[in-house]
Amino acid sequence: MSFQDFPWQHWAQIRSAEPALTLGDESLTWRELCQRIDALAGGFHHQGVWEGQGVVLRSKNCPEMVLAYLALLQCGARILPLNPQLPGALLEQLLPDLTISHALTFGDPLTVTGINSLAMTEGSGFQVDWQPSRLTSMTLTSGSTGLPKAAVHTGDAHLASAAGVLAVMSYGASDSWLLSLPLFHVSGQGILWRWLLAGGCMVVRDLHPLSHALQGCTHASLVPTQLWRLLEQEQPLTLHEVLLGGAAIPVELTQAAQEKGINCWCGYGLTELASTVCAKRADGLPDVGEALPGREVKVVDEEVWIRASSLAAGYWKTGKVEPLVNSQGWFATRDRGVLTGKRLTILGRLDNLFFSGGEGIQPEEVERVIVTHPAVKQAFVVPVDDAEFGQRPVAVVEADESLDLSLLAEWLQGKVARFQQPVRWLRLPDELRQGGIKISRVQLKLWIERVA
Ligand code: 4YB
């Protein structure tokens with residue numbers, strides 16, 4: 001489907017009085033949504049936001065952030081949604097190369113020279129033309145080394161991402177997708193663009209507790225740990241479909257969800273690809289399914305390569321868009337994978353592979369076994385330096401308080417090779433949950449070095 005106007009204007013023409021967006025307790029129709037966006041876009045334009053400018057939107061998900069994202073699109077801005085928990089020192093290094101002129105922040109102001117603060121004031125309506133090839137968003141990658149990069153996507157790429165997912169999952173006008181993952185991550189933006197493509201309903205609410213936020217929602221995107229926590233609660237759910245992703249998805253998890261009547265979809269996605277690349281209905285097998293329409297996947301020397309209409313135009317660097325495809329026109333992901341027929345299985349990140357006494361350890365391979373323990377929700381295997389072995393594996397787990405970790409070490413014996421057995425077991429500390437959807441392995445390693 002191609003839009004002639006901004007998607008919300010399109011839906012306001014044909015579904016004017018139908019519900020579009022639930023913001024906390026307030027419900028907006030497509031017509032009301034258009035009015036709110038017009039006024040906000042007018043306010044931003046009045047404050048000097050022009051087409052093509054880079055604008056920081058620093059917030060955790062909230063109604064204002066969603067309205068601001070849409071209004072900035074209507075101003076033709078190149079939006080950089082930011083995790084409010086990113087440290088100021090990192091932003092000072094990062095932002096100068098991202099050509100940012102304004103920042104809208106909820107919470108602490110952003111003090112980086114040359115960036116003007118924006119306020120949520122209303123003005124008389126404003127819009128640029130809808131141009132699907134305009135660069136609309138910059139999303140930071142969660143690279144394992146160095147500074148994050150900003151993958152820049154056009155509206156076309158976001159809509160191509162949405163179309164691929166909606167070719168397999170049904171989501172229509174009478175469905176509500178909870179904005180259950182942050183807009184500063186592609187998984188949150190994926191929800192928003194699917195909502196805009198389908199003209200369904202999106203729900204923006206405080207996510208704690210998740211079971212309350214989900215009331216009345218038919219769809220959600222979750223990382224595996226969120227679904228584990230949800231399944232522990234007793235509340236009945238209206239949830240029909242859950243799209244899982246972001247990390248390895250244990251089959252035990254999808255089976256437990258299925259028993260509670262939740263249909264699970266296993267997805268594999270990346271920032272550069274504007275979220276989901278492969279997906280399948282959970283079927284008790286550990287693969288992530290086939291490439292969705294509009295994507296091609298191949299494996300070269302164990303590495304997953306992707307070609308897709310949802311691929312970012314490039315990484316933004318001081319006003320230029322640096323291409324991210326290799327000389328053969330593919331995006332090489334740094335993920336290790338195998339194709340069985342057309343179905344892809346992800347083995348882990350090539351960058352996570354380390355050597356211990358000459359033996360290669362792919363941490364995700366060991367983690368997959370640890371999380372099959374019924375008291376474990378999440379596990380990480382991280383290398384620590386060792387004079388004799390070069391590096392040795394240490395396990396960091398999120399597990400039931402009552403679980404004695406030494407029993408876990410015992411339980412693992414015989415389930416993985418001896419060189420893969422972690423030499424220490426630690427509990428995941430709260431300080432490493434930084435508002436994002438993933439725990440950073442770099443931060444984990446630094447933390448282990450501090451506490452060891
Ligand atoms: C995986 C993986 C998998 C990613 N097995 N490793 O809309 C969605 O698709 C969605 C729904 C729910 C939760 C998350 C999502 C996402 O978009 C996730 C996108 C993402 O994680 N992007 S990322 O750039 O932060 O990380 C990408 C990396 O994550 C990949 O390169 C893989 O290493 C890993 N990953 N899905 C195993 N199913």
Assess, by modelled atom type and distance only, whether the side chains of Q391 and D386 contain a donor and an acceptor separated by less than 3.5 Å. no

With rounding to the nearest 0.5 angstrom, report the CZ to CD1 distance, F331 to I306. 7.0 Å

Sequence neighbours excluded, the answer for salt bridge (charged side-chain N to carboxylate O under 4.0 Å, His left out) partners of E431 is R450

Looking at S310 and L273, would you say the former's side chain and the latter's main chain have a donor-acceptor pair under 3.5 Å? yes

Provide the closest heavy-atom pair for C62 versus F106 in the form atom of the first, atom of the second, distance. SG-CD1, 4.5 Å

Got a donor-acceptor contact below 3.5 angstrom from the Q362 side chain to the R349 backbone? yes

Minimum side-chain heavy-atom gap R368-P286 below 4.5 Å: no

Can you check whether L80 reaches L95 side chain to side chain, under 4.5 Å on heavy atoms? yes

Verify the neighbour count for atom NZ of K317: are there more than 12 heavy atoms of other residues, nucleotides or ligands below 6.0 Å? no

Take E365 and R336 through the test salt bridge (Lys or Arg N to Asp or Glu O under 4.0 Å) and record every step on the way to the result. CA-CA 11 Å; E365 195 188 324; R336 261 183 83 199; 5.4 Å; no

Can any side-chain N or O of K438 pair as donor or acceptor with the backbone N or O of G246 at less than 3.5 Å? yes

Checking Y171 now: which residues fulfil ring pair (Phe, Tyr, Trp, His ring centres under 6.0 Å) with it, not counting sequence neighbours? W177, H219

Can T121 and Q47 be counted as having a side-chain donor-acceptor contact under 3.5 angstrom? yes

Taking atom types as modelled, is there a side-chain donor on R78 or T99 under 3.5 Å from an acceptor on the other? no

Approximate separation, where rounding is to 0.5 Å, of M169 CE and L243 CG: 5.0 Å

Under 3.5 Å: donor-acceptor pair, side chain of T238, backbone of G216: yes

Kindly write out the residues that satisfy salt bridge (charged side-chain N to carboxylate O under 4.0 Å, His left out) with E51, not counting sequence neighbours, or none if the list is empty. R134

Taking the side chain as everything from C-beta on, heavy atoms only, tell me whether L270 gets closer than 4.5 Å to D335. yes

Can you tell me which residue among T254, I262, L237 is in a side chain to side chain contact (heavy atoms under 4.5 Å, CB included) with V242? I262

How about S180 and Q226: does a side-chain donor come under 3.5 Å of a side-chain acceptor? no

Does the side chain of D97 reach to within under 4.5 Å of the side chain of L147, using non-hydrogen atoms? no

Here the pair of heavy atoms bringing T276 nearest to R295 is O-NH2, 2.8 Å

When you compare the side chain of T139 with that of H185, does any pair of heavy atoms fall below 4.5 Å? no

Between L412 and P422, is there a side-chain heavy-atom distance shorter than 4.5 Å? yes

Taking ring-ring contact (aromatic ring centres under 6.0 Å, His included) as the cut-off, I'd like each qualifying pair that reaches into residues 351-402, sequence neighbours left out, listed once. H373-W411

Nearest heavy-atom contact between P81 and Y69 is CG-CE1, 4.1 Å

Residue pairs involving residues 262-284 (criterion salt bridge (charged side-chain N to carboxylate O under 4.0 Å, His left out); sequence neighbours excluded): K280-D283, K280-D287, D283-R343

Could you pull out all residues at least two apart from W195 that satisfy ring pair (Phe, Tyr, Trp, His ring centres under 6.0 Å)? W30

Please step through salt bridge (Lys or Arg N to Asp or Glu O under 4.0 Å) for the pair K445 and E449, ending with a clear verdict. CA-CA 6 Å; K445 199 163 184 283; E449 281 160 11; 3.5 Å; yes

Note: L231 and A256 closest approach over all heavy atoms is CD1-CB, 3.8 Å

E367/R441 under salt bridge (Lys or Arg N to Asp or Glu O under 4.0 Å): CA gap, chis, key distance, verdict: CA-CA 13 Å; E367 293 163 3; R441 286 179 192 266; 2.8 Å; yes

Residues which pass ring pair (Phe, Tyr, Trp, His ring centres under 6.0 Å) with H102, listed by chain and number, not counting sequence neighbours: none

Heavy atoms of other groups near K260 NZ, more than 12 under 6.0 Å: yes

Show which side-chain atoms of residues 207-215 pair as donor or acceptor with protein atoms under 3.5 Å away, not counting sequence neighbours.
from : atom 1 : to   : atom 2 : distance (Å)
S211 : OG     : Q233 : OE1    : 2.7

Side-chain donor-acceptor pairs of residues 321-329 under 3.5 Å, sequence neighbours excluded:
from : atom 1 : to   : atom 2 : distance (Å)
N326 : OD1    : Q328 : N      : 3.0
N326 : OD1    : G329 : N      : 3.2
N326 : OD1    : W330 : N      : 3.0

Taking all non-hydrogen atoms of both residues, which atom of A157 and which atom of A274 are closest, and how far apart? O-CB, 4.4 Å

Could you check whether any side-chain N or O of T333 sits under 3.5 Å from a backbone N or O of V304, counting only pairs where one atom can act as donor and the other as acceptor? yes

Side chain to side chain donor-acceptor pair (under 3.5 Å) assessment of S402 paired with D400: CA-CA 5 Å; S402 56; D400 294 354; 4.9 Å; no

Determine, step by step, whether E398 and T225 satisfy the side chain to side chain donor-acceptor pair (under 3.5 Å) criterion, reporting the C-alpha distance in whole Å, the side-chain angles of both residues, the deciding distance to 0.1 Å, and the verdict. CA-CA 9 Å; E398 182 183 347; T225 44; 5.6 Å; no

Go through the structure and list residues passing salt bridge (charged side-chain N to carboxylate O under 4.0 Å, His left out) with K60, not counting sequence neighbours. none

With E303, which residues qualify under salt bridge (charged side-chain N to carboxylate O under 4.0 Å, His left out), at least two apart? none

Quick check against the 3.5 Å criterion: does Q53 have a side-chain atom that pairs as donor or acceptor with the backbone of W50? yes

Closest approach of I191 and S221, non-hydrogen atoms and distance? CG1-OG, 3.4 Å

Restricting to side chain to side chain donor-acceptor pair (under 3.5 Å), what partner residues turn up for T136, sequence neighbours left out? none

Note, V297 side chain near Y268 side chain (heavy atom, < 4.5 Å): no

Within 6.0 angstrom of K342 NZ, more than 12 heavy atoms from elsewhere: no

So M202 and V66, do their side chains get closer than 4.5 Å, heavy atoms only? yes

What distance separates L73 CG from I79 CD1, expressed to the nearest 0.5 Å? 4.0 Å

